[in-house]
Amino acid sequence: MTDTAFLFTAGNTDDAPRSDQPALLQLLAGDLRAISYTVDGVAALLGEQASAALGRDQVVPALLATERLTDSHDPAVRALAVVVRLWLLAVPQSVADVDSALPGIGTQGLVDLGLAFVDAGVVRVVVDLRPYGWDANADGTGGAELWVASDLAAHQQPGVLRHDHVLGIGRASTTLVQTTFRQHTKRALDLGTGCGIQTFHLLHHCEHVTATDISARALAFTRFNLLLNAAELELDPEDLESRVSLRLGSLLDPVAGEQFGLVVSNPPFVITPRRGGESSSDQFTYRDGGLPGDGIVAALVQSIAGVLEPGGTAQMLGNWEVTAGTDWKDRPKDWLKDSGLDVWFIQREQVDPEQYAETWLQDASQNRDREQYKDSYAAYLDDFASRNVQGVGFGMILLRRPLSGHQPVFSRFEEITYPIEQPIGPHLGAAVERADWVAANSVPEAHLVVAEDVTEERHQRPGAAHPGVILLRQGAGLRRTNLLSTELAGFASACDGQLSVRQIVAALVSLLGGGEDFDEDAFREGLYRDVTNLVLEGFLLPDPVQSGA
Ligand SMILES: C[S@@+](CC[C@H](N)C(=O)[O-])C[C@H]1O[C@@H](n2cnc3c(N)ncnc32)[C@H](O)[C@@H]1O
């Protein structure tokens with residue numbers, strides 16, 4: 001039963017796009033579709049380099065590329081150029097040009113929806129509205145072309161960002177999108193929805209999505225985006241609630257007592273120096289959870305089990321502090337000891353306090369005033385020093401509540417800093433399935449095959465009789481490399497599904513054993529352990545023929 005105190009329905013929050021005028025939203029969608037204001041349409045207009053530069057928040061090449069296009073003889077090119085300059089580059093356009101580019105809604109409609117205002121005969125946007133899409137699956141299902149409203153980004157406006165800034169689709173947003181393992185799920189939770197990016201994707205494979213945020217402005221943007229894209233997302237604008245519930249409140253408060261099969265969150269994990277007497281309106285809501293250090297990530301991972309149904313999974317991004325003289329894993333391990341959950345942390349990078357301060361001061365344009373920048377930078381360094389922090393880790397977190405009566409089957413903390421295949425979500429899902437398989441089956445009795453993407457590398461000194469190094473490499477997924485012992489290399493080369501693990505190990509015992517120092521039991525157990533690890537990491541897989549899969 002939903003606590004109605006948290007329900008967000010109004011859609012008319014001050015200073016955010018209005019979503020209570022369905023006819024205008026339809027006109028806007030129709031106009032944008034007609035001029036091909038899509039990811040591909042914009043890329044074709046700007047050209048490859050200017051598009052790539054815009055992807056790095058560099059607007060100059062796109063400004064130059066579109067300068068003359070607003071006078072093009074081709075009305076379609078002219079209209080798209082006006083809209084790209086208006087929204088993506090935040091360059092004011094004349095009322096006449098906007099009326100002609102978007103004839104259905106016109107300038108007045110944009111003003112009525114809270115997207116723009118008119119000042120001395122020119123139209124200025126107050127929010128960003130950009131195309132966003134993703135490709136369909138191989139069977140043609142699941143793709144989408146949307147338009148997403150958010151606050152103007154740092155590169156589109158002067159000055160420091162407003163503290164209640166509603167974030168657009170950034171690198172962290174798409175990292176979580178690509179990390180999420182997508183399968184049909186009844187109920188999903190998007191905690192800290194922002195402009196709604198995670199929810200758009202969840203709607204493709206979840207029957208119902210609950211999207212929460214502490215910011216009423218963020219929920220107003222999400223509601224606007226859902227209704228603007230209702231047709232593409234297959235939502236009934238008259239009955240949005242049958243697919244999406246928008247809830248206003250902090251962390252798990254709005255969903256207390258409820259359970260979900262999937263929880264995703266790109267939470268406000270940015271570590272921020274606390275100042276005496278500050279209130280929540282002094283904080284950048286989009287990135288700062290208001291707690292000292294990495295407290296918000298700790299609080300979330302320690303409480304998330306309360307809203308996971310048995311078998312349910314949570315996938316999040318986070319930062320964690322690494323104190324001097326400790327391993328990065330120590331802190332997350334400590335957060336989750338005795339949690340009863342399956343746990344997987346992948347640290348993707350670790351930066352020092354200086355790099356961290358620079359990144360986040362630049363993110364909100366707090367680097368534009370020299371004196372303020374110096375003070376804010378110093379505050380970051382003092383804050384980290386006060387907790388003896390020497391580094392900050394960033395990465396992805398996967399937590400799963402075991403099914404009733406089951407014990408956790410994995411607890412992994414690993415660092416993977418090189419490029420991995422994207423989207424990685426399906427590979428994380430496959431790894432979880434392999435961990436379940438190992439827990440439920442006897443590895444010695446299994447028949448294994450080498451995974452399709454795996455190759456073997458042998459390196460040897462010139463003239464040497466045998467290779468000094470034998471590696472297995474994965475071409476896909478997490479792209480791991482595994483250094484093999486001679487016997488493990490021999491084992492892998494015999495994995496064609498014909499013999500069981502026990503039979504191959506027995507053959508290796510007769511081949512390599514026999515010496516005085518040979519400890520057959522230790523050899524066998526060591527090999528079983530290494531083989532199990534190769535299965536968990538996806539180098540070896542149960543033979544689909546033998547396992548009946
Ligand atoms: C980094 S943004 C993520 C937005 C979006 N989900 C994405 O993936 O890009 C974090 C969001 O969490 C919200 N937030 C901040 N503090 C929160 C809290 N205590 N409880 C719930 N949401 C919060 C912010 O308003 C913001 O929309």
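Note that ligands are numbered from 1 as they come in the structure, with each ligand's atoms numbered from 1 the same way. Count residues from 1 along the sequence.
Between Phe269 and Phe394, the ring planes lie tilted relative to each other; the angle falls in the 30° to 60° range. Ring orientation note: the planes of Phe284 and His163 are close to parallel, at an angle under 30° on the 30°/60° scale. Between Trp328 and Trp320, the two ring planes are parallel [angle under 30°; tilted spans 30° to 60°].
In terms of polar-atom proximity, Ser215 is not counted as a contact of ligand 1, lacking any N or O under 3.5 Å from an N or O of the ligand. Geometrically, ligand 1 and Ser250 share a nitrogen or oxygen pair separated by less than 3.5 Å. At under 3.5 Å, a nitrogen or oxygen of Ser173, whether backbone or side chain, sits near a nitrogen or oxygen of ligand 1. For ligand 1, none of its N or O atoms has an N or O atom of Asp190 under 3.5 Å away.
Distance from atom 6 (N) of ligand 1 to its nearest protein heavy atom, with residue and atom name: Gly192 O, 2.7 Å. Among protein heavy atoms, atom 3 (C) of ligand 1 sits closest to Asn266 O, 3.2 Å. Nearest protein neighbour of atom 26 (C) of ligand 1, counting heavy atoms only, is Asp213 OD2, 3.6 Å. Atom 10 (C) of ligand 1 has as its closest protein heavy atom Tyr286 O, 3.2 Å. Regarding atom 24 (C) of ligand 1, its nearest protein heavy-atom neighbour is Thr285 O, 3.2 Å. The protein non-hydrogen atom at the shortest distance from atom 8 (O) of ligand 1 is Gln198 NE2, 2.9 Å.
Contacts between Thr193 and ligand 1 below 4.0 angstrom, taking non-hydrogen atoms only, involve the backbone exclusively. Counting heavy atoms under 4.0 Å from ligand 1, residue Ile214 touches it through both backbone and side chain.
Ion pairing of Glu232 with Arg33 is absent here, as no side-chain N (NZ or NE/NH1/NH2) approaches a carboxylate O to less than 4.0 Å. The pair Arg370-Asp375 does not meet the salt-bridge criterion, since no charged nitrogen lies less than 4.0 angstrom from a carboxylate oxygen. Residues Asp334 and Lys337 are paired through a salt bridge, judged by an N-O separation under 4.0 Å between the basic side chain and the carboxylate.
The shortest separation from a heavy atom of Leu251 to ligand 1 is under 4.0 Å, placing the residue in contact. The closest approach between a heavy atom of Gly249 and any atom of ligand 1 is below 4.0 Å. Within the 4.0 Å heavy-atom shell around ligand 1 one does not find Arg287. Put simply, no part of Thr212 is less than 4.0 Å from ligand 1, judged by heavy atoms.
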message: side-chain hydrogen bond (donor to acceptor under 3.5 Å, both in side chains), that's the test. Do Glu414 and Trp344 meet it? Break it down for me.
response: CA-CA 8 Å; Glu414 55 190 321; Trp344 193 0; 2.7 Å; yes

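With 3.5 Å as the limit, one finds no donor-acceptor pair spanning the side chains of Arg187 and His208. At a cut-off of 3.5 Å, with distance as the only test, a side-chain donor of Glu207 or His184 sits close to an acceptor on the other residue.
Here His201 and Tyr132 bring their ring centres to under 6.0 angstrom of each other. With ring centers used as reference points, Phe384 lies under 6.0 Å from Tyr356.
Near Ile197, the atoms of ligand 1 lying under 4.0 angstrom from a non-hydrogen atom of the residue are 5 (C), 7 (C), 8 (O), 9 (O).
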